[in-house]
Amino acid sequence: MTPSVTFVPMEAPFLETLARAWIGAAREAGRDVAAGVLILPTRRAARAAASAFLAANGGPLIMPRIAAIGAADEAALGIAAGLELPPAIPAEERRAILARLILGMGGRDGAPTRLAEALTLADDLAVLIDAAAQAEIDLHETLPGIVAPELAVHWQRTLDFLTIVTRMWPGILADRRAVDPARRLRLLIDAQAGFWAAEPPDGPVWLAGLAVATPAVARLARVVAGLPEGMVVLAGFDPGLGEADWEGLGTMPTHPQAGLYRLLTAMGVARAEVRGLAAAGDDGRVALLRRAFLPPDAGLAAVSVAAVSAAGVMRLESADEQDEARAIALALREALEEPRRDAALVTPDRGLAQRVSAELLRLGIRAEDSAGELLAETPPAVLLRLLAAAQDQDYAAVGLLGLLKHPLVFAGRSRGECRRLARQLDLCLREVAPGAGFAALLFATDQEKCRERYPEINGFVQSVQVLLEPLIGACAAVVLEPAAVIGALIEAAEAITRGADGRSVLWDEEAGAALSEHLAVQMAALEGLPPVDPRELVALLDAVLGSARLRRPRARDANPRIAIWGIMEARLQRVDTLVLGGMVEGVFPAEPDPGPWLSRPMRLAAQLPDDATLIGEAAHDVTSLMASCGRVVLSAPKRRGRAPAVPSRFLARLDLVLLGAGLALPPHPAGSWAGQLDQPGTRVVREKPAPRPPVAARPVVYSISEITTLLADPYAIHARRIMRLRPVDPLEAETDAALFGTIVHDGLAAVSVRADWALAGDAAERLRAAFEYELGRRRMRRALAAFWRVRLARIAAWIVAIERGRIGEMGVADAIAVELSGVWEVDGFTVKGRVDRIERRGDGVGIIDFKTGTPPKDDAVEDGSAPQLPLEAVIAEAGGFAGFDGRVEELAYWKLSGGATEGETRALLKGDAMRVRAVIETARTAVPALLAHYADPATPFFSRPSPARTTYDDPFAGVSRRAEWEDSA
């Protein structure tokens with residue numbers, strides 16, 4: 001009996017053609033359409049087949065039983081023999097057992113010693129086990145001896161490690177009388193094949209959509225093809241490929257037809273015995289694909305160049321991944337312009353799929369994403385990860401605020417109340433900058449300036465600490481059972497997500513229910529595993545969440561005409577507009593990954609499947625989709641990440657064939673649309689801001705630092721003094737030069753109360769103690785405090801040495817003061833300043849400015865950009881510093897770094913008395929004129945009027961919208 005093996009032409013819609021053929025065969029034979037079994041490769045294909053039957057029938061009908069071969073079970077196929085097969089060990093239980101075996105190696109042969117890493121490695125072992133089960137390979141027999149003596153020693157260690165799989169694991173399965181899930185599926189398929197071979201069913205049995213197959217599926221296909229009413233329907237079969245090229249596919253695993261060649265060979269079916277289920281047309285696109293994927297040694301006459309056609313195929317180029325996502329979204333949106341047309345993006349790049357989904361939402365379109373989303377990225381799982389990270393960071397500011405601002409956190413209050421307190425805590429922690437830990441947080445929020453502005457914050461922090469106590473207490477243990485660690489995390493998460501009504505929202509909605517179910521299974525699997533250090537919580541949680549995905553049912557507002565599919569989900573599908581996205585090397589197709597255990601030659605020696613066949617499967621999917629869909633858009637960005645992207649080899653093959661035919665893929669206009677999407681319809685030239693507040697609103701009191709800002713950026717004075725805007729400090733800033741300078745200044749002020757303080761024998765120790773006090777009372781991060789402590793000790797020793805040298809050279813000053821404030825009243829204005837150090841000797845005054853950063857250059861002082869020292873001299877000579885009026889004879893900078901060079905003294909303008917007097921007189925006359933200028937209501941407060949003058953920071957650039965008017969200038 002000739003086996004019944006057919007194919008649907010590549011250019012025909014597979015499922016629609018299959019449904020019409022089934023209905024036609026049923027009516028021709030006079031039997032009920034519902035009689036029989038139709039087996040397809042995937043669940044998605046099975047669901048799509050139901051729609052195809054309705055469309056083919058033109059109305060409702062009772063359909064045949066449709067099952068997925070990848071999810072075979074006794075109920076779907078009616079396998080009586082399956083009841084006698086050993087059960088499959090649950091995946092979670094297998095993972096836990098493998099992790100225990102890995103930990104039991106005690107780190108030998110590179111085995112991890114932490115549970116989280118062992119769980120991840122157990123997943124890799126499970127992949128190897130399933131691959132061997134699908135290929136029907138006994139690793140116990142094939143692995144030994146595959147490492148040649150000349151290969152690296154670590155490969156032999158790898159094989160020693162894999163004794164977990166070859167020796168230990170089979171024994172564990174035998175004790176439990178269970179099998180691996182992949183072997184269970186194989187046994188089930190074989191049982192079905194044996195059942196049908198012994199008792200052929202009465203109705204038709206069609207096994208459809210096969211392009212590749214495991215040995216078990218190939219055996220089932222052979223049985224189905226031999227049944228009286230059985231039929232195997234191949235997908236993507238190309239009858240036009242030359243005979244010689246077909247025979248060479250055995251050594252060409254990356255060819256699109258290679259999987260079909262292996263399938264027919266395993267079934268024992270000759271290529272000539274395969275007949276068409278429908279008539280094939282003379283399609284130029286199929287000819288293009290056939291020629292593009294010819295083997296290297298094929299004769300060029302195998303396919304005429306004149307027969308190829310790129311009709312309906314377009315190329316979409318974009319600068320980078322984000323531009324690509326925007327252009328693809330617009331291309332999909334264009335498809336909706338035509339009634340009843342549908343469109344889909346097919347890509348293996350999950351990042352691209354998510355970006356396109358976001359861009360479609362921007363266009364008002366919600367698309368169904370067949371791959372769903374990672375459970376770890378859903379709101380309740382993100383909350384658990386934030387909580388674990390906060391605990392790992394000892395509730396430092398960034399981690400704690402990230403947790404408290406999560407939308408599911410209520411902390412026993414209403415949503416609005418919790419957000420308000422979290423924002424206030426944010427502002428408070430930016431001002432006081434405490435270290436990590438609730439003790440530091442409570443100390444900081446109890447400070448006077450926080451209590452006055454945010455009186456509720458300290459109580460809020462206390463209540464949060466109480467809610468998180470289950471996790472804090474559990475993590476205080478040295479070791480803990482892994483299930484107990486995760487349980488404490490969950491208990492704390494439930495507490496922090498309770499609202500004012502006492503109900504937790506952690507498990508609400510689809511994501512919460514899915515997470516609850518997943519964690520329940522995982523925690524049961526963790527029972528009995530070795531104790532862990534609670535500090536492994538973050539890594540353990542990531543391992544527990546794993547790669548589980550949440551697949552939501554189609555949303556009510558999802559557009560039924562737009563879809564996003566992965567490669568597997570797209571098989572056998574057909575749409576009017578198809579976008580193949582992310583077509584760059586390494587993504588489409590993905591580079592074969594032999595896994596962490598064996599190199600590719602070692603896999604082949606162990607008789608495991610060649611991973612190069614995955615490229616062939618991807619090529620088959622591409623050719624089938626391109627041949628059957630109406631309009632095809634091939635998209636590839638020029639850059640991916642931070643590097644240039646190499647176009648996919650599939651694109652390169654098509655381009656090469658078209659070039660030989662004098663053709664090229666036309667560009668899709670969505671590439672230019674994406675560039676225009678964010679461009680305004682008309683150019684709006686914004687004027688440079690020139691606020692002119694009334695006289696009453698203009699300041700008449702300035703500090704010296706504000707005068708410096710007034711010279712460089714008057715708008716900053718307007719924003720700070722008139723608009724009353726106050727920039728906030730960053731959270732947990734890595735370093736804070738201003739704070740270091742404050743500690744130095746405050747420490748010197750505490751010690752330098754006498755002119756001869758440095759002559760004391762313990763002067764350096766007293767100054768170091770003052771620095772230590774100032775450092776300690778701020779409760780900084782320990783690492784930063786330790787770093788600064790060394791620098792401060794060097795500064796203390798250097799200052800004492802310099803002071804003693806000055807006294808030896810100039811004598812003890814008559815008076816000395818540090819951090820002394822003074823004012824200068826002039827022409828109705830007040831200039832305030834605070835001198836770092838001032839001393840008086842007779843009628844002369846000396847002023848020294850301490851700089852923990854880089855002092856300004858002399859040129860900046862002379863051109864007026866850095867007027868601090870000259871203005872302090874003016875204030876002193878005007879009697880503004882009490883007890884230090886007189887002629888200023890010395891202006892100098894002391895650079896206090898505490899580094900390899902502890903400090904440096906530098907006289908202003910090299911001590912040139914005439915030049916020093918000149919800058920003082922310039923400040924005395926220029927500053928009142930400057931203040932009078934900005935007191936005039938006609939004078940605007942421009943933003944950065946002089947490009948040559950800049951300020952240390954620029955906090956109000958966004959307020960002045962500088963980027964807009966500078967760009968349009």
Side-chain angles (χ1 to χ4, degrees), residues 310-347 349-369 557-559 561-565 575-584 587-588 629-648 651 654-655 658 663-688 957-958 961-969:
V313 183
M314 306 182 79
R315 178 75 176 271
L316 179 57
E317 286 192 344
S318 48
D320 54 30
E321 296 165 290
Q322 188 57 49
D323 285 344
E324 181 188 21
R326 189 175 298 115
I328 289 174
L330 290 171
L332 296 173
R333 172 65 181 82
E334 181 199 23
L336 298 182
E337 293 295 319
E338 302 180 39
R340 293 183 297 277
R341 288 184 66 87
D342 56 2
L345 164 66
V346 175
T347 179
D349 186 346
R350 290 304 309 152
L352 175 62
Q354 291 172 350
R355 284 190 289 271
V356 171
S357 180
E359 291 291 339
L360 285 172
L361 281 175
R362 180 183 176 190
L363 300 175
I365 301 170
R366 184 180 295 277
E368 179 192 12
D369 188 347
D557 56 346
N559 193 308
R561 296 165 58 196
I562 297 289
I564 299 175
W565 294 328
V575 289
D576 297 310
T577 297
L578 169 73
V579 180
L580 292 173
M583 295 195 72
V584 296
V587 176
F588 208 146
C629 293
R631 183 182 303 166
V632 178
V633 181
L634 307 178
S635 173
K638 295 179 180 178
R639 295 184 65 85
R640 191 168 189 272
R642 297 184 178 180
V646 178
S648 167
L651 272 176
L654 293 171
D655 288 341
L658 291 172
L663 302 172
L665 293 176
H668 194 286
S672 63
W673 298 342
Q676 301 171 35
L677 186 62
D678 294 325
Q679 296 297 324
T682 57
R683 184 175 180 83
V684 178
V685 179
R686 299 195 181 277
E687 296 182 359
K688 187 175 183 177
R961 305 177 74 169
R962 182 178 302 154
E964 297 180 29
W965 52 261
E966 278 188 343
D967 180 64
S968 60

List the residues meeting salt bridge (Lys or Arg N to Asp or Glu O under 4.0 Å) with Arg640, not counting sequence neighbours, and say none if there are none.
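Result, salt bridge (Lys or Arg N to Asp or Glu O under 4.0 Å) vs Arg640: Glu321, Asp349.
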
What residues, two or more places apart in sequence or in another chain, satisfy side chain to side chain donor-acceptor pair (under 3.5 Å) together with [X]?
X      : result
Asp320 : none
Arg639 : none
Asp655 : Arg315
Thr577 : Arg341

Counting N and O atoms only, with roles assigned by atom type, does the side chain of Asp342 sit under 3.5 Å from a partner on the main chain of Asp576, one being a donor and the other an acceptor?
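Side chain of Asp342 to backbone of Asp576, a donor-acceptor pair under 3.5 Å: yes, one is there.
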
Please confirm whether the backbone N or O of Gly582 pairs with a side-chain atom of Glu324, one donor and one acceptor, at under 3.5 Å?
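Yes, the answer is positive, given that a donor and an acceptor are paired below the 3.5 Å cut-off.
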
Got a second to check how far Arg366's CZ is from Asn559's CG, nearest 0.5 Å?
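Reported to 0.5 Å precision, the distance equals 11.5 Å.
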
For the CG atom of Leu352 and the OG1 atom of Thr347, what is their distance to the nearest 0.5 Å?
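Spacing of CG (Leu352) from OG1 (Thr347) equals 4.5 Å.
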
Result block: side-chain N/O donor-acceptor pairs under 3.5 angstrom for residues 663-676, not counting sequence neighbours:
{"unit_1": "His668", "atom_1": "ND1", "unit_2": "Ala670", "atom_2": "N", "d": "3.0"}
{"unit_1": "His668", "atom_1": "NE2", "unit_2": "Glu334", "atom_2": "OE1", "d": "3.3"}
{"unit_1": "Ser672", "atom_1": "OG", "unit_2": "Pro669", "atom_2": "O", "d": "2.8"}
{"unit_1": "Gln676", "atom_1": "NE2", "unit_2": "Ser672", "atom_2": "O", "d": "3.4"}

Please find the pair of heavy atoms, one from [X] and one from [Y], that lie closest to each other, and give the distance.
X      : Y      : result
Ala367 : Leu360 : CB-CD1, 3.7 Å
Ala645 : Pro637 : CB-O, 3.5 Å
Arg340 : Arg561 : N-NH2, 3.7 Å
Gly581 : Phe588 : O-CD1, 3.5 Å

Show your reasoning for whether side chain to side chain contact (heavy atoms under 4.5 Å, CB included) applies to Leu654 and Val313.
CA-CA 11 Å; Leu654 293 171; Val313 183; 5.7 Å; no

Kindly write out the residues that satisfy side chain to side chain contact (heavy atoms under 4.5 Å, CB included) with Asp369, not counting sequence neighbours, or none if the list is empty.
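Arg350, Ala353, Ala371, Ile564.
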
Could you pull out all residues at least two apart from Ala319 that satisfy side chain to side chain contact (heavy atoms under 4.5 Å, CB included)?
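Here the qualifying residues are Asp323.
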
Might you work through the side chain to side chain contact (heavy atoms under 4.5 Å, CB included) test for Leu363 and Leu330, ending with a clear yes or no?
CA-CA 8 Å; Leu363 300 175; Leu330 290 171; 3.9 Å; yes

Quick one, Val356 with Leu332, criterion side chain to side chain contact (heavy atoms under 4.5 Å, CB included). Give me CA distance, side-chain angles, the key distance, then yes/no.
CA-CA 10 Å; Val356 171; Leu332 296 173; 4.1 Å; yes

